[in-house]
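Quick notes on the structure that follows.
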Amino acid sequence: MTLERRIAGVFGLDDAAWMRHANPWSVILRNTVLPILVVAFWSRTWLGWWAGIPITIALLWTWANPHLFQAPRSFDHWTSKSVLGERVWLNRDFVPVPGYHRRVPNILSAVGGIGLLFIVWGVIFFDPWPVLLGAVMVYMGKLWYLDRMVWLWQDMKNATEEYLSWTVQV
């Protein structure tokens, strides 16, 4: 089982939730998660233990975001294709992806992971520069990763009947 599949399980991403997450608003607003989490954890400096409330709200937003929107009417939007590509990537241990798609997503995830380490450091020590550097790395890695997922979707959308069924409107 891939790490991505485990993460999707934590977020409760079944087929219906993946379709809701393919709504462009879900993907766009997902980009608010990182700054909300940073501010929530940073709030411990002025709220003390009461910071648990904004931290809890931020974590709930992180979990709820993929579940809040309706499935898109069209899957032609870049963000929708990126989510469909993420599903293909998640499924790569069952339906292999072309070799030229295998390395870059892992590198981009590593870039984001390293950026996250900078953010954690900056939040722990109340230092904005590591937070900003880390945020740039996380967003650069994630948005480039999503762009690669669009490419993967374009290459794999006809690979299986399951993939073809994802964009069929009911």
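Under the 3.5 Å distance criterion, the side-chain polar atoms of N23 are left unmatched by any main-chain donor or acceptor of M19. A donor-acceptor contact shorter than 3.5 Å links the side chain of S43 to the backbone of A40. Under the 3.5 Å distance criterion, the side-chain polar atoms of R30 are matched with a main-chain donor or acceptor of T62. Put simply, the side chain of S26 never gets that close to the backbone of A22: no donor and acceptor are under 3.5 Å apart.
Interatomic distance, CD1 of I55 versus CG of L47, reported as 9.0 Å (0.5 Å rounding). Here the CG-CG distance, from L108 to D147, works out to 9.5 Å after rounding to the nearest 0.5 Å. A distance of 5.0 Å separates CD1 of I114 from CE of M137, quoted to the nearest 0.5 Å. Residue T167 holds its OG1 atom at 10.5 Å from NZ of K81, rounded to the nearest 0.5 Å. Between the CG atom of L143 and the CG atom of N31 there is a distance of 5.5 Å, given to the nearest 0.5 Å.
Other residues, nucleotides and ligands place more than 12 heavy atoms under 6.0 Å from the CH2 atom of W151. By the neighbour-count criterion of 12 heavy atoms within 6.0 Å, atom CH2 of W46 is densely surrounded, having more than that number from other residues, nucleotides or ligands. Within a 6.0 Å radius of CH2 in W42, more than 12 heavy atoms belonging to other residues, nucleotides or ligands are found. Atom OH of Y145 has more than 12 heavy atoms from other residues, nucleotides or ligands within 6.0 Å. Within 6.0 Å of CH2 in W78 there are more than 12 heavy atoms belonging to other residues, nucleotides or ligands.
Counting heavy atoms from C-beta outward, R44 and V123 have side chains that approach closer than 4.5 Å. You'll find the side chain of V83 stays beyond 4.5 Å of the side chain of T79, heavy atoms only. Put simply, the side chain of N65 does not reach to within 4.5 Å of the side chain of R20, judged on heavy atoms. A 4.5 Å side-chain heavy-atom check between I119 and P130 finds every atom pair outside the cut-off. Side-chain contact check for E162 versus N91: some heavy-atom pair is nearer than 4.5 Å. Side-chain contact between W89 and L84: absent, with no pair of heavy atoms (C-beta onward) separated by less than 4.5 Å. Counting heavy atoms from C-beta outward, I124 and F41 have side chains that stay 4.5 Å or more apart. No side-chain heavy atom of V88 sits under 4.5 Å from any side-chain heavy atom of K157.
In the hydrophobic cluster analysis, where Ile, Leu, Val, Met, Phe, Trp and Tyr join through side-chain heavy atoms closer than 4.5 angstrom, V97 is grouped apart from Y100. Residues L59 and V38 fall within the same hydrophobic cluster, defined by Ile, Leu, Val, Met, Phe, Trp and Tyr side chains chained together at heavy-atom separations under 4.5 Å. By the criterion of side-chain heavy atoms lying less than 4.5 angstrom apart, applied directly or through intervening Ile, Leu, Val, Met, Phe, Trp or Tyr residues, I28 is not grouped with L146; the two fall into different hydrophobic clusters. Note on L34: it does not cluster hydrophobically with V39, by side-chain heavy-atom contacts below 4.5 Å among ILVMFWY residues. Under a hydrophobic clustering in which Ile, Leu, Val, Met, Phe, Trp and Tyr are joined whenever their side-chain heavy atoms come within less than 4.5 Å, directly or via other members, W63 and I53 fall into different clusters.
Checked for salt-bridge contact, E86 and K142 meet the test: a charged N lies under 4.0 Å from a carboxylate O.
When all heavy atoms of S82 and V27 are compared, the closest pair comes out as OG-CG1, 4.5 Å. In plain terms, the two heavy atoms of T32 and P35 that are nearest each other are O-CD, 3.3 Å. In terms of heavy-atom proximity, S74 sits nearest to S80 at O-OG, 4.0 Å. For the pair G115 and V138, the tightest heavy-atom approach, listed with the atom from each and the gap, is C-CG2, 3.7 Å.
Between Y163 and W166, the angle of the ring planes lies from 30° to 60°, which puts this pair in the tilted group.
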> What's the verdict on side chain to side chain contact (heavy atoms under 4.5 Å, CB included) for L37 and W61, showing C-alpha distance, side-chain angles and the deciding distance?
Replying inline: CA-CA 9 Å; L37 283 169; W61 168 243; over 6 Å; no
>> Checking F118 against V131 for the side chain to side chain contact (heavy atoms under 4.5 Å, CB included) test, could you report, in this order, the C-alpha distance in whole Å, the side-chain angles of both residues, the deciding distance, and whether it holds?
In response: CA-CA 6 Å; F118 280 104; V131 172; over 6 Å; no
>> salt bridge (charged side-chain N to carboxylate O under 4.0 Å, His left out) for D15 and R87? Distances and angles first, verdict last.
In response: CA-CA 10 Å; D15 288 341; R87 288 189 75 186; 2.6 Å; yes
>> Before you tell me yes or no, could you show the steps for L90 and W18 under side chain to side chain contact (heavy atoms under 4.5 Å, CB included), namely the whole-Å CA-CA distance, both residues' side-chain angles and the distance that decides it to 0.1 Å?
In response: CA-CA 12 Å; L90 202 84; W18 273 110; 3.9 Å; yes
> Please walk me through it: do L29 and L68 pass side chain to side chain contact (heavy atoms under 4.5 Å, CB included)?
Replying inline: CA-CA 11 Å; L29 290 175; L68 293 177; over 6 Å; no
